[in-house]
Each structure stands twice: as structure tokens, then as C-alpha cells.
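In what follows, chains are A, B, ... by sequence order, proteins preceding strands, each numbered from 1. FYI, side chains are in, hydrogens and waters are out, and symmetry mates aren't considered; it's all heavy atoms of this structure.
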Amino acid sequence: METSLSRAFIALLKRDLQLAYRHRNELLNPLFFFILVVALFPLGTTPDKTLLMTMAPGVIWVAALLASMLSLDSLFRADYEDGTLEQILLSSHPLSVLVLAKIISHWLVTGFPMILLAPLLGIFMYLPTNGILTLMLTLVLGTPILSLVGAIGMALTVSLRRGGMLLSLLVLPLYIPVLIFSANAVDAHLADMAITGQIYILSSMLMLAITLAPVATSAALRISLE
Amino acid sequence: MKLPAIVHKFSSPQNFYVMAGKLIPWLGWACLLFMISGLYYGLIEAPADYQQGESYRIMFIHVPSAWMSMFVYMVMAISGGIGLIWRIKLADVVASSSAPIGAAFTFLALATGSLWGKPMWGAWWVWDARLTSELILLFLYLGFIALQASIEDPRNAARAGAVLALVGVVNIPIIHYSVEWWSTLHQGPTVTKFDKPSIHISMLIPLLLMAVAFKFYYATSVLMRARNEVLLREQNSRWVKEVIANES
């Protein structure tokens, strides 16, 4: 029996979300990590208000990069270990589309909650309200890029026993442009400057990642599972 | 798209091993010739810079290695792509043999840049756009090497590395321009950026000689590494056993 591509896409999305809901305790870990890393900075430097405010965009974004990188493991690892991933690869549907469904569900349970946490972290770092709003906007555009680009690295390392440290070496350099433009947008907004440029660039990077990352991810998965 | 049969014939490991063995001495001597003349004109003949004195002479190492760091990455990605698409083993070998050389060039560019920066900028390191993107390039190389080292099957290691290198190629321009943009916004005017002065011919000639010498050096060393790699990968085949029997 042949299911249509859109039905397969939605079925996979639903399945991943359902699985994530059943293991909801694990979903909290990257979020706690996200909060904790930001909370370490005032402790390690100074509780001084102006200083923390100038560091805020960068610190929160670095924490977001690290948290989303650590959460990548849940994207393919469990499916690789129980053989589901192989079944997905055998499907007659284009793998890149199915991979996109997995990435979207992964973003919904990791990236999206980070956006909701941003105001709390903004308050930790004395970020004013308009800064918090820009921070959330950059997270809306930036965290999907992190999930998409991270998926490539995860797909390359999924079959390796100790892929964790390697993953950070592969993925973090590729995250740098997102970090630069996002943190800079918040900085610029705090200085009352226009941020349309940064937002446009982040949006176009997101479009590029949506188009190319699933293709690269599926190529990498096929290599890893050979 | 199918490649003509001659490509496959030429790129057979055995054929490559013999051909590369014949080429290496020529390339090596050419490298030596260009390097000696480049160093002679660069270190002895070229005049001291009116602003930077003698310390600018590190440029004759620094600039070619920075050029090579980009060039080798492109070679690595292109040959990785060829290996991925047409499944030519030799292309995989070239890609994985290039990575350590490219990383070494990148490191050399960073190290010489740092030595040059101390007298010029008064600091070993500044977060200048070109330095930063060179540093990120080094990490891309290290990631490639680490990924290939951690996958045991050489075929899979080559293909995984090729995907990573190609992703890197898409990203390098983005990283480069984002870093450039970032440094123009973050950097105070304390750092005197070199506005490329129109370089005098007496300095340009040694620079170009050194650039050619570095290209020959890369060609020589990549062929030497690739030959070893071919022997290692084909160690169970008959011709390798014959080669080893003949040489020992």
C-alpha cells in the first residue's frame, strides 16, 4: 500500500512528537542547561547591571547554541539504535523530506521552548523589554537554523560510539554566522539602530538551510547507515 | 553523467602509484628551485619596507600559506565531491591526504600572522576579520580530520568527510562575510588595518615565487601522502605485494 508523501510526512511528525511527549522529562534537560549556563555568567563575572546588559545577547545566544547542540542527540540516536532509522531509509519517499519532518518535530520540542524561556533569561541579564523582543525574534529565526545545520553533523556521527565531542567540533564552527548576526541584532536594537539587515540575513540563512540541510542530512544518513 | 573510461583507467590505484612516483622528484625539485629563489629575493634582495622595516619579510611565508589554506580546502572539497559522485577511490585519497597539509598551512598562516602582528599591532592576536575566519577554517579542517579518523571503514570515512567538506564550502563564504561584518562593527580604530598598498615589484616577485613554491610543495607532499594511502588501502592486492617485494 502506497501512502502519499504528505501523509508520510505528517505521520512521521506526529510519531516524533508523540515519542517526545512520552519522554517529556528528557526534554527538560536542554532547557535547564540553557538556563544554568546563562546563570553561570553573572556568578563568574560580576552582578553589575550595565556590564551584564552589554554581554546579554552574546551570552544568551552562546547558551542557546550549546543547548541546541546537546539536544541534537535525540534527533537520530534512539531511532538509529532501535532500527527505525533504517526503515525510514528504506521508504520509497524522498529521504530529505522525511528528514525535514524529523527536524521540524525536533525543533518544536527543543528550539521552540527556548524561545519561550528567553524573557526569563533576559531578566537574568537585565535586558530591557525591547531587547527581549528582538532576542525572541532572532531566536525564532535562528534556532531552526541550528536544528537544520546540526542535523547534518548528527547524521554524520550517529553511528559512532563516541560522537559527542566530535559533533561539537563539526557543528559549532558552522553555527558562528547565526551567533554573529543574532547577537548583533539585539545589540543594534539596544543602541537604537536599524536591525532589518540582520533580520533579512538571518531569514535568508534560514531559507538556505531549509533547502540544503535536509539534502545533506539524508546523504550523510545514507553513508552512516551503510 | 558518466566519466570517460580513460579517467577510470588513469585513476586506477596502481597506475596512480607509478605515475605519482615518477612525478614527485620533478615537483620536489621545482619546489626547491622556486623556494630558494623566492627566499633569496625576498630575504636578501628586496629592500626593507619604509614603514615596517625588516619584519614585513615574514609576509613571504605568511601570505602564500594563507592562500594555500583556502586553495587546499577547495581541492579537498572538490575531490571529495568527485569521490562522492563518481566513486573514484583516488579522489577520496586525495581529499583525505590534503586535509593535514591544509591544516598545517592554516596553522602556519596563523602562527606567522601572530609573529607579524606583535611588532605591527603590538599584540599577538587581534580579533580581525581575516584572522578570525582563518581560525574558523582551522577548526573546519580539524573537524574533517577528526571525523575521518573516527570512522573505521575508509570508504565511509571518505564519503562522510566529503559531505562535511561540501557543507563547509557552502558555509565558508557565509562565515567569511559574517566575520568581516562583525569585526567592522565591533572593532575600535585602534587596529591599523593594512590597506593593501600597491606592492612594489621588488617585493611582488619574491611573493609570487614563494606562492608558486608553496603550490609545488603541496603537490609534492599530497602525492607522497596519497601514494602511502593507496598502498595502505590496497594492501591486500597483488600489485602492492609485488611493489613491496621489489622494494625490500
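By the 4.0 Å N-to-carboxylate-O rule, A:D79 lies close enough to A:K102 to be salt-bridged with it. Remark: A:R222 does not engage A:E226 in a salt bridge, criterion side-chain N to carboxylate O under 4.0 Å. We find that B:R155 and B:D92 are joined by a salt bridge, their nearest charged nitrogen and carboxylate oxygen being less than 4.0 Å apart.
The side-chain heavy atoms of A:F34 and A:P30, taken from C-beta on, include no pair separated by under 4.5 Å.
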Quick one, B:F105 with B:F214, criterion ring-ring contact (aromatic ring centres under 6.0 Å, His included). Give me CA distance, side-chain angles, the key distance, then yes/no. CA-CA 9 Å; B:F105 278 129; B:F214 272 50; 5.7 Å; yes
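Heavy atoms of A:T157 lying under 4.5 Å from chain B belong exclusively to its side chain. For chain A, the nearby part of B:N171 is the side chain; its heavy atoms alone come within less than 4.5 Å. In this structure, chain A has heavy atoms under 4.5 Å from both the backbone and the side chain of B:I151. For A:L208, the part sitting under 4.5 Å from any heavy atom of chain B is the side chain, from C-beta outward, and nothing else. Contact annotation for A:L212: only side-chain heavy atoms (C-beta onward) come within less than 4.5 Å of a heavy atom of chain B. If you measure heavy-atom distances from A:L174 to chain B, the contacts under 4.5 Å come from both the backbone and the side chain. Heavy atoms of A:M165 lying under 4.5 Å from chain B are absent altogether.
Of the residues considered (B:A162, B:G161, B:A160), B:A160 shows the highest number of contacts with chain A, using heavy-atom pairs under 4.5 Å. Taking chain B as the reference chain and counting heavy-atom pairs below 4.5 Å, the highest number among A:L160, A:I152, A:V149 is found for A:L160.
The main-chain N or O of A:S71 is found under 3.5 Å from a side-chain atom of A:H106 such that the two form a donor-acceptor pair.
Ring geometry for B:W239 against B:Y17 counts as tilted: the plane angle lies between 30° and 60°, on a 0 to 90° scale.
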